[in-house]
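Written below as structure tokens is the structure these notes are about.
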Protein chains: 2
Amino acid sequence: MLSAKTQYALHALTYLGERYGQDPIPISRIAEERKMPYKFLEAILLELRNNGILGSKAGKSGGYYLLKKPAEIQLVDVIRFVDGPIAQLPCVSKKFYEPCRVCPYPEDKCHLRKFFIQVRDATLNVIEGKSLQDLINMESGFPVEFSI
Amino acid sequence: MLSAKTQYALHALTYLGERYGQDPIPISRIAEERKMPYKFLEAILLELRNNGILGSKAGKSGGYYLLKKPAEIQLVDVIRFVDGPIAQLPCVSKKFYEPCRVCPYPEDKCHLRKFFIQVRDATLNVIEGKSLQDLINMESGFPVEFSI
DNA sequence: TAAATTCCTATTAATTTTATAGGAATTATA
DNA sequence: TATAATTCCTATAAAATTAATAGGAATTTA
């Protein structure tokens, strides 16, 4: 399951994406309108900023904003950054690979590994290539439009 | 990511599946051969037994065994039982549905919900219909054979 | 009756997740 | 230039979940 943190991040990014091009938006506004704990959201947005996903402006009338158009922000990047691996097993992760701590097999003989490679690929097939704009478009119930 | 518990469960079931039809196999043997903490494995197998996935025999020369043929044990059932929901969001789960605790939207308007329904379905397409026997067959690198 | 096992409940330890606190730095504008 | 509104940053705490252990009762075989 996605962590609350990841859900907050995605909701906040959607909020900013729907207002792309406007003045910077303060944390307080997002936190109030989307019912998130202020300080937790602050930490999340700061991380996203320090990772190059968001821009910010300090001081009065400051706030956060998207550095790129919503159509250019890949959901898979956001999810990986906030939540970590897409895969179900470390040994099968493309971006966070490590050997499974509890696996009794040599990696290339492991039945679980082969199985969860398939699961990972199915998941990636849905997620990869989808942008924040795609997510925003989904909200209204329109047919999904892809960003590429 | 799958919990260590789930990985242990799947490895243990595979161990039993590969020995289907033999005498009951004691926890100690599985724990040693598959490098799992004895007491943790004991708790896991007990749960699986109490949920009708495993049978057991107490006392000397007792142990655990599969109640059904490996081809009749659905992986999706095991995973759900040990690990919980397949879905990434509670509001999208088929078997463990609940409203998302942190969601600011009415459910039918939520962009995340629509997106993660697609992810869930892609995952289920791979997992559903796969049996323990399919998992066992994967180990050797043979082409996957489906149980139905 | 002894040995080997499961059965069961309780407890502890470790890790991860979800926050909160508090103040420094920055910026707009009155 | 003072004030208010904001981000920036580090540290800490609280809560929840996961991983594991303890210990003894009950069962079964031989």
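So that the names make sense, note that chain A is the first sequence line, chain B the second, and so on, each numbered from 1.
Formation of a donor-acceptor pair under 3.5 Å by the B:Arg120 side chain with backbone atoms of B:Val92 is found in this model.
Within the nucleic acid shown, A:Leu45 has no heavy atom closer than 4.0 Å to any nucleic acid atom. Within the 4.0 angstrom heavy-atom criterion, only backbone atoms of the sugar-phosphate kind lie near B:Tyr64; the bases stay farther away.
Separating the CZ atom of A:Arg29 from the P atom of D:dA5 is a distance of 16 Å, rounded to the nearest angstrom. For A:Met36 and C:dT18, the CE to P distance is 13 Å, given to the nearest whole Å. Rounded to whole Å, the distance from CE on B:Met1 to C1' on D:dT17 is 16 Å. Rounded to whole Å, atom P of C:dA10 lies 15 Å from atom CD of B:Glu47. Atom CG of B:Asn51 and atom P of C:dC8 are 14 Å apart (whole Å). Atom P of nucleotide D:dA20 and atom CG of B:Leu46 are separated by 17 Å, given to the nearest angstrom. Rounding to whole angstrom units, CD1 of residue B:Ile25 and C1' of C:dA4 are separated by 16 Å. Between the NZ atom of B:Lys57 and the C1' atom of D:dA26 there is a distance of 15 Å, given to the nearest Å.
In terms of phosphate contacts, A:Tyr38 brings a side-chain nitrogen or oxygen within less than 4.0 Å of OP1 or OP2 of D:dT7. Between C:dC7 and B:Ser56, a contact under 4.0 Å exists linking OP1 or OP2 to a side-chain N or O. Contact between the side-chain N/O atoms of B:Arg49 and the OP1/OP2 oxygens of C:dC7 is found at a separation under 4.0 Å.
Geometric assessment of A:Arg19 against the ring of A:Tyr15 yields a positive cation-pi assignment under the 6.0 Å and 45° thresholds.
Cluster membership for A:Tyr65 and A:Leu135, using ILVMFWY side-chain heavy atoms within less than 4.5 angstrom, is not shared.
Residues A:Leu2 and A:Lys60 each lie close to DNA chain C; by heavy-atom proximity, the contact nearer the 5' end of the strand is made by A:Leu2. Between A:Lys39 and A:Gly59, it is A:Gly59 whose nearest contact on DNA chain D lies nearer the 5' terminus. Nearer to the 5' terminus of DNA chain C, by closest-nucleotide assignment, is the contact made by A:Lys5 (compared with the other of A:Lys5 and A:Glu42).
Annotation: side chain of B:Tyr97 is not in contact with side chain of B:Pro90 (no heavy-atom distance under 4.5 Å).
Taking the charged nitrogens against the carboxylate oxygens, A:Glu47 and A:Lys5 do have a contact shorter than 4.0 Å, which makes a salt bridge.
Residue B:Ser3 places its side chain closer to D:dA19 than to any other of D:dT6, D:dA19, D:dA20.
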